[in-house]
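Worth saying up front: this structure is predicted, and the values here are computed from it rather than measured. Just so it is clear: chains get the letters A, B, ... in the order the sequence lines come, proteins before strands, and each one is counted from 1.
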Amino acid sequence: MRVTTMSSSPLPLPLPPSTTSFTYSRGHHSSSSSNLSMVTNSPSQIQHWGCEDPYQHTSPNPPSKTRTIRYRLSQLCREGQPQIARQLFDSIPRPTTVIWNTIIIGFICNNMPDEALLFYARLKSSSPGTKCDPYTFSSTLKACAETRQLKTGKAVHCHVLRSHLYPSRIVCNSLLNMYATCLSSTDDETGSVDGDYSRYDLVRKVFDTMRKRNVVAWNTMISWYVRTKRCVEAVTHFMMMMKMGIRPTVVTFVNVFPAVSRMGDTKNANVLYGLLLKFGSEHANDLFAVSSAIFMYAELACLGAARKVFEQCLDRNIEVWNTMMGGYVQNNCPIEALDLFVKALESEHTVVLDNVTFLAALTAASQLQQLEFAQQLHAYIIKNSFVSSVIVLNAIAVMYSRCNCIEMSFSVFNRMQERDVVSWNTIVSAFVQNGLDDEGLMLVYEMQKQGFMIDSVTITALLSAASNLRNPETGRQTHAYLLRHGIQFEGMESYLIDMYAKSGLIEAAQRLFDKNCTYDRDQATWNAMIAGNTQNGLTELAFIVFKQMLEENVTPNSVTLASILPACNPMGSMALGKQLHGFAIRNSLDQNVFVGSALVDMYSKLGAITCAENVFAKSPEKNSVTFTNMILGYGQHGIGEKALSLFHSMRESGIKPDAITFVAVLSACSYAGLVDEGLQIFESMEREYRIQPSAEHYCCVVDMLGRVGRVVEAYEFAKELGKEGNLLGIWGSLLAACKIYGEFELGKIVANKLLEMESGNSTAGYHVLLSNIYAEEGNWEFVDKVRKMMQEKGLTKEIGCSWIDIAGYVNCFASRDRNHPQCDEIYEILGELATKMKDTGYRSCLNLQKGWISESEELENLCYDLDDI
DNA sequence: ATGAATATTT
């Protein structure tokens, strides 16, 4: 660390900024890149303040009059009337340095740094005789810092050097602050710093060459280190400063607190807070310090410590309240945040709530996801604030969207007088998150039409929509837009990977994963890749990525587990599933609602319905997915009654079933033959839950009717759906029912409908079914026709396959397969079983009497048929 | 009359 060069340098600031960046204009110079050059266009019309101006004809101004006018100027600026101050200033024929300073400072105080710079330029060009003093320099440098104008700041630096005055400590501090501010934002002129100094060295150099560094200089340095994300250096500087015997101020602590909290250094946080107390009660009671300490502890998730600081502060201002509430919100504790909000309401005689308070409450309400409370809060805000700002309205829209109430969200958006990019992003995301992806995409068009630019948040919403819609076209376009417009790529990887994987383009996802984020892959990126592999059936790859993630010490979260758990099912490995369950328990992730749902699904798909039941019973939190998975499990295990009763208790507990829940419960009814119950539930879908039945639901009902032989009813029902949706499944299950119940005429009608629908290899099964129907009728001519049709289309029926995990080894069985090591034994037992079945009255669907196949073949086919049922 | 600094929606 170099902090020792202060006495060796002859010049206080040996950093002549290059003359090229000296952009202040003197008229004959070209002044291409300077903001100061605007001075030549500045309409310095002399306007009179008031009717009479006592100074209009007096020149030069007498000292006493100067004092009066300076006083009036600063008073106007303090009263927030800089425009009137400007008029007064313009009426003065020859303003003195002090007058110039006053107007410049006045603009800065009124948050008009650009105006301040214009007046500095005017001072330099229109009255070259007027000297600048330390006040001029430090004020102007502040304006440069506020406007992030490094070039202008350098020009002022030059003026300081040329003034041949030894710059005062305050001017040096102002210079340091100007460089530190301009060289820490991301949008500055990176790399354009000339000479041998990198941007960081420049700030260091100014600091190192200062003759006397007081606490302000140190504070500036600490704050600069924190802003440029070098927290270790910030703390090191703090300690060096202490060692040199410089007494820290409140600002020092306010600056250094975020350094330790960002590092997650609770120990040093306690040390620093202890130091703050040690340096006197005026420190501990300072509201800036209290607020910063609360924020620090909240960022470290030490909410107890934060609350203690909060409670110890007796004279809280609104910032302190807001910081504490924000701390709870940040740590996902909406109840505590809202509790505090109520307390703030109760102490309204001591503080006035502002928009930031409402924002914190609204964000907490978004986390709480209780529509009723959301509406109460909304009503309260309407009643108690005169005009809500865009930010507050945006937060209200978010809140309704999180409560799954898109109608309210949209109506808030619709009624907004003024909208910003965040409003648009909010409403687009709201639609996408509530399953209205197409509407979300349309709103992006509208947004662009109204002149708002797509930004990185819009991109994430677009990618989610593309992913939900399985629409790689939209996804690719969005990816291209992102690259073409140079929108920040960081943080986008997981969305892109998810989109490509869900759209079935797993190679593209893998490429992104491999190339674009070889280092610094965040949790979400890993999760997206694991989920992508699982969803595309690449279960082994999913496990490889999961293992890699653990090896690279990335902490898995609930999403990781919920993504990897479904990978156990295709592998049929109960051992893996149990290992993951154990892993979840060890990492205290098993209480999570997503993990619980995934565990229920995993166990029930692996046939361990009792394990699924246990996980379900022990889940502290259950959502519609948890219930749906359990109902699905019961259905698949043929326990229709339990599925139904669980569906009813779900209703009673107030958890809203969704479209998939109905698929689960209807198919459970179907498997268990509970037709009347099923039909009743189907009818309640739209009536009670306002869920429009989709093709899948129709398919369940057709299947349900078909299975019990109510084939004609099923046919009438299927016709109701018209031409929309995935009709293939509906007609397919009807066809199977026709075959089983010998409704051959209807079967043929249905089969021909099916064959009209052109749709890949999935129709192979229907061809087989149709040929079987003809075979049962003995219509061999048509059997042949159908078989030939299949050959022409190149269709082969997919071989059914099943598997079971025994002692860690997955045994796989396929029809006519002879690869299993215990193949002979297996077929022997299968033969025995088939004989027993025949003895007890089982009849093959294929009519053996026609002599179409031999008896031994028929035995084999029996196994094949069993697989089909 | 000049320098350093807390809470904020997608």
Side-chain angles (χ1 to χ4, degrees), chain A residues 67 70-71 73-74 77-78 97-106 108-109 132-143 145 167-178 180-181 214-224 226-227 248-258 286-296 298 317-327 329-330 354-360 362-363 366 388-399 401-402 413 420-430 432-433 455-461:
Chain A
R67 235 183 352 258
R70 193 200 67 73
Y71 176 76
L73 267 178
S74 62
C77 291
R78 270 202 309 277
T97 304
V98 175
I99 299 280
W100 278 105
N101 291 347
T102 310
I103 191 76
I104 289 172
I105 292 161
I108 292 172
C109 292
C132 294
D133 68 2
Y135 292 95
T136 333
F137 290 134
S138 47
S139 317
T140 308
L141 285 166
K142 184 178 187 171
S168 73
R169 181 144 64 186
I170 288 179
V171 172
C172 288
N173 284 338
S174 303
L175 268 168
L176 183 66
N177 180 52
M178 184 276 293
T181 310
N214 67 354
V215 68
V216 173
W218 285 95
N219 289 347
T220 308
M221 284 307 278
I222 291 169
S223 134
W224 178 63
V226 172
R227 266 206 312 274
T249 62
V250 167
V251 180
T252 318
F253 288 102
V254 169
N255 283 336
V256 78
F257 280 164
D286 183 280
L287 292 176
F288 276 78
V290 168
S291 200
S292 308
I294 292 171
F295 188 84
M296 168 180 71
N317 63 1
I318 193 61
E319 280 88 350
V320 172
W321 282 96
N322 291 345
T323 310
M324 192 64 236
M325 276 176 67
V329 168
Q330 224 187 312
D354 62 5
N355 276 341
V356 183
T357 324
F358 294 142
L359 267 179
L362 287 166
T363 314
S366 305
S388 290
S389 72
V390 184
I391 295 179
V392 169
L393 289 169
N394 291 344
I396 293 172
V398 172
M399 175 177 70
S401 154
R402 289 280 156 80
F413 173 83
D420 60 8
V421 187
V422 179
S423 322
W424 283 97
N425 286 339
T426 300
I427 202 65
V428 170
S429 308
V432 173
Q433 279 160 14
D455 69 5
S456 61
V457 181
T458 328
I459 297 278
T460 59

Colleague: Nearest whole angstrom, please: distance from the P of B:dT8 to the CH2 of A:Trp321.
Modeller: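 These atoms are roughly 17 Å apart.
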Colleague: Starting from C1' on B:dT10, measure out to CG on A:Leu393 and report it in whole angstrom.
Modeller: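 About 14 Å, once rounded to whole Å.
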Colleague: Restricting to side-chain contact (heavy atoms from CB on, under 4.5 Å), what partner residues turn up for A:Thr102, sequence neighbours left out?
Modeller: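 Here the qualifying residues are A:Arg70, A:Leu73, A:Ser74, A:Val98.
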Colleague: Does the side chain of A:Thr252 come under 3.5 Å of the side chain of A:Asn255 through a donor N or O and an acceptor N or O?
Modeller: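 Result is no, nothing qualifies.
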Colleague: I'd like to check the ring-ring contact (aromatic ring centres under 6.0 Å, His included) partners of A:Tyr135; sequence neighbours left out, ordered by chain and number.
Modeller: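 With neighbours one apart ignored, the set is empty.
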Colleague: Measuring from atom SG of A:Cys77 to atom CD1 of A:Ile104, what distance do you get when rounded to the nearest 0.5 angstrom?
Modeller: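 It comes to 11.0 Å.
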Colleague: Which is true for A:Asp133 with a 4.0 Å heavy-atom rule: it touches a base, it touches only sugar-phosphate, or it touches nothing?
Modeller: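 It contacts base atoms.
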Colleague: What is the per-nucleotide protein-contact pattern of nucleotides 2-7 of chain B, from the 5' end, where B denotes a base atom under 4.0 Å from a protein heavy atom, S denotes such proximity for sugar-phosphate atoms only, and - denotes neither?
Modeller: BBBBBB
Colleague: Is it true that A:Asn425 and A:Asn394 share a donor-acceptor pair across their side chains at a distance under 3.5 Å?
Modeller: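 Per modelled atom types, A:Asn394 and A:Asn425 side chains form no pair under 3.5 Å.
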Colleague: Scan side-chain atoms only and decide if A:Asn177 and A:Ser174 contain a donor-acceptor pair under the 3.5 Å cut-off.
Modeller: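 Looking only at side-chain atoms, A:Ser174 and A:Asn177 do not form any donor-acceptor pair under 3.5 Å.
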Colleague: Quick one: A:Ile459 CD1 to B:dT10 C1', roughly how many Å, whole number?
Modeller: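 It works out to 14 Å between those atoms.
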Colleague: If I take atom CG in residue A:Asp420 and atom P in nucleotide B:dT10, what distance separates them, rounded to the nearest angstrom?
Modeller: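 Rounded to the whole Å, the gap is 12 Å.
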